[in-house]
Amino acid sequence: FGSSFRSTGMSWAQVTPAMNQVTKISGDQAEAQAPVAESQGAPAPSLAWFVPWALLGLAEGFVFQKVAVVYPAILADQFVFRNWVVMKFFLSAVGFSMLSQAVFSRLAPELMAGSMDYGKTIYGGPRVMVGCTILGAGMAIAGSGPSMFVPAAGATVGGSGWLFLGGILAALLAAVGDLFFPLTGKGTASCALSVPEVVKAKAHKEVSYSGVAMGMGLCLVLATVVLEVVFPYREDLERYGGAFAAEYPDNPFKHPAWPPIIVGFTVGMAQIPVRRISGDGLGTATSFTITVATLTWGKLAPGKGLQE
C-alpha cells in the first residue's frame with residue numbers, strides 16, 4: 001500500500017518524448033538538441049537504450065535471487081538485525097545509483113533534472129514520506145517488497161502471488177482514495193527534497209548534484225564493503241541451513257549465494273537506461289498503479305494508463 005501511495009507513475013505517452021530527447025556535452029555546458037523526427041523511416045537513436053534496459057532488467061532479477069534477498073525470512077530478519085544481507089543490498093544499490101546518476105546528470109542534465117522534479121512537484125515530500133513509512137512496515141511484516149515479487153516468483157518462492165495481489169489491491173485503494181481525498185498537486189518545484197536544494201535553502205550556497213551524489217555514493221559503497229568485511233554474507237546465511245550452510249564449489253555460478261553488493265551494482269547501472277528512456281527513476285511500485293489505471297481505462301489513477 002505504501003509503495004502505491006508514494007508511486008509517481010508514468011504513462012507510455014510520457015515515455016515517448018523522453019526517448020526522443022537527445023543531449024550533448026560541450027565542455028561544462030549541455031545543450032538540448034531538437035527532438036528526433038518520428039515516423040520518418042529509421043527509429044529514434046535512443047530506442048537503442050531498450051537493449052541495455054532489458055538486459056540489465058534480466059540481470060537484476062537473476063542477481064536478486066542469487067543474493068538471497070527474495071526469501072522472506074532473510075528480509076524480515078534484517079529489520080531486527082539478525083543478518084546484514086538486505087542492508088548491504090540497499091546501501092550498495094543507493095550508492096551505485098548515486099554514482100551512475102552523478103555521471104548521467106553531467107551527460108544529460110535537463111533529462112536528469114526533469115526526472116528528479118516529477119515526484120516532488122506531483123506529490124510533495126509529506127506524501128512520499130508517509131508512503132515509504134507504510135511500505136517499510138509492510139516489508140517488515142511480509143518479508144518482501146514490490147521490487148522482489150517477480151524475482152521471488154521466478155525462484156518459486158512461496159507466497160509470491162499474494163504479494164502481487166496485495167500490490168494490485170493497494171493500488172486500487174490508493175487510487176479510490178485519491179478520488180475522495182485528492183493529494184496530487186500538493187508539491188511545488190521549490191520543495192527542497194535533495195541535498196543541493198537543502199544547502200541552497202539553508203546555507204545560501206550553490207552545490208552541484210553530481211558532486212554531492214558522487215561523494216555520498218562513494219561513502220555508501222564503502223560502507224557496504226566495510227559491512228561485508230565485518231559481517232561476511234556467507235556467515236550471515238549459514239544460519240538458514242540447507243544449501244547456504246554447504247561448502248561453496250569452485251564455480252561461482254553454482255554458489256548458493258553471491259555478495260549483496262553485486263545486486264547493488266546492477267541496480268545502479270540500470271538507472272541510466274531507465275532514466276534515458278522513461279525520464280523517471282528505477283522502481284517497481286509504479287507498475288501496480290499503471291496496471292490499475294490501464295485496466296480501468298483511466299477511471300482510476302487518471303493519466304497513468306498505457307493507453308493514455
Side-chain angles (χ1 to χ4, degrees), residues 2-3 56 59-103 129 132-133 135-149 151-152 155 157 194-195 198 210-272 281-284:
S3 62
L56 282 167
E60 186 179 321
F62 174 73
V63 175
F64 260 68
Q65 184 269 328
K66 289 300 291 185
V67 302
V69 296
V70 297
Y71 300 106
I74 293 173
L75 192 149
D77 282 352
Q78 176 64 83
F79 281 90
V80 290
F81 298 102
R82 289 177 182 160
N83 69 62
W84 293 86
V85 174
V86 181
M87 178 69 77
K88 287 181 280 189
F89 153 51
F90 278 121
L91 288 177
S92 61
V94 175
F96 281 116
S97 293
M98 296 183 82
L99 291 176
S100 66
Q101 289 172 173
V103 175
M129 288 186 286
C132 287
T133 300
L135 173 61
M139 290 177 66
I141 295 170
S144 192
S147 62
M148 299 171 188
F149 83 89
V157 175
S194 69
V195 172
V198 172
S210 60
V212 173
M214 185 67 71
M216 294 183 67
L218 287 172
C219 288
L220 291 175
V221 172
L222 179 60
T224 305
V225 173
V226 171
L227 282 175
E228 182 59 47
V229 172
V230 178
F231 305 103
Y233 76 97
R234 292 190 184 185
E235 294 182 7
D236 266 346
L237 295 175
E238 279 181 1
R239 70 189 64 187
Y240 297 98
F244 293 134
E247 184 177 352
Y248 280 54
D250 293 333
N251 186 348
F253 285 96
K254 294 184 178 180
H255 286 188
W258 286 352
I261 196 171
I262 294 179
V263 75
F265 177 78
T266 60
V267 169
M269 294 303 100
Q271 292 286 357
I272 295 179
L282 182 65
T284 310

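Side chains included, hydrogens not; waters and symmetry mates left out as well; all remaining heavy atoms used. Just so you know, residue 1 is the first one in the sequence shown, and it goes up from there.
The side-chain hydrogen bond (donor to acceptor under 3.5 Å, both in side chains) contacts involving residues 219-232 comprise Lys88-Glu228, where partners must be two or more places apart or lie in separate chains. Listed by first then second residue, pairs satisfying side-chain hydrogen bond (donor to acceptor under 3.5 Å, both in side chains) with a partner in residues 249-265 number zero, not counting sequence neighbours. Counting only residues at least two apart or in different chains, salt bridge (charged side-chain N to carboxylate O under 4.0 Å, His left out) contacts with residues 210-223 are absent.
Partners of Val94 by side chain to side chain contact (heavy atoms under 4.5 Å, CB included), not counting sequence neighbours, listed by chain and number: Met98, Leu220. Partners of Tyr233 according to the side-chain hydrogen bond (donor to acceptor under 3.5 Å, both in side chains) rule, which considers only residues two or more places apart in sequence or in another chain, do not exist here. Every residue two or more places apart in sequence or in another chain that forms a ring pair (Phe, Tyr, Trp, His ring centres under 6.0 Å) with Phe64 is listed here: Phe89. By the ring pair (Phe, Tyr, Trp, His ring centres under 6.0 Å) test, Phe265 pairs with Phe96, sequence neighbours left out. Arg82 is linked by a salt bridge (Lys or Arg N to Asp or Glu O under 4.0 Å) to Asp77, counting only residues two or more places apart in sequence or in another chain. Every side-chain hydrogen bond (donor to acceptor under 3.5 Å, both in side chains) that Ser97 has, sequence neighbours left out, goes to Gln271.
Across all non-hydrogen atoms, the minimal contact from Ala140 to Ala76 is O-CB, 4.0 Å. Nearest heavy-atom pair across Phe90 and Met148 is CZ-CE, 4.4 Å. Considering every non-hydrogen atom in both Pro72 and Val157, the closest pair reads CD-CG1, 3.8 Å. When all heavy atoms are compared, the tightest approach of Leu75 to Val69 is CD1-O, 4.2 Å. Summarising the geometry of Met214 relative to Val103, their closest heavy-atom pair is CE-CG2, 4.4 Å, with the distance given to 0.1 Å. Here the closest non-hydrogen pair linking Ala257 and Tyr248 is O-CE2, 3.6 Å.
Note: Thr266 OG1 to Ile261 CD1 = 11.0 Å, rounded to the nearest 0.5 Å. Remark: Ile74 CD1 to Arg239 CZ distance equals 10.5 Å, nearest 0.5 Å. Asp236 contributes atom CG, which lies 9.0 Å from atom CH2 of Trp84 (distance to the nearest 0.5 angstrom). The CZ atom of Phe79 sits 5.0 Å away from the CE atom of Met139 when rounded to the nearest 0.5 Å. Distance check: Leu227 CG to Met87 CE gives 7.5 Å after rounding to the nearest 0.5 Å.
With hydrogens and angles ignored, the 3.5 Å screen pairs a side-chain donor or acceptor of Gln78 with a backbone N or O of Asn83. Distance alone, capped at 3.5 Å, places no donor-acceptor pair between the Gln65 side chain and the Pro151 backbone.
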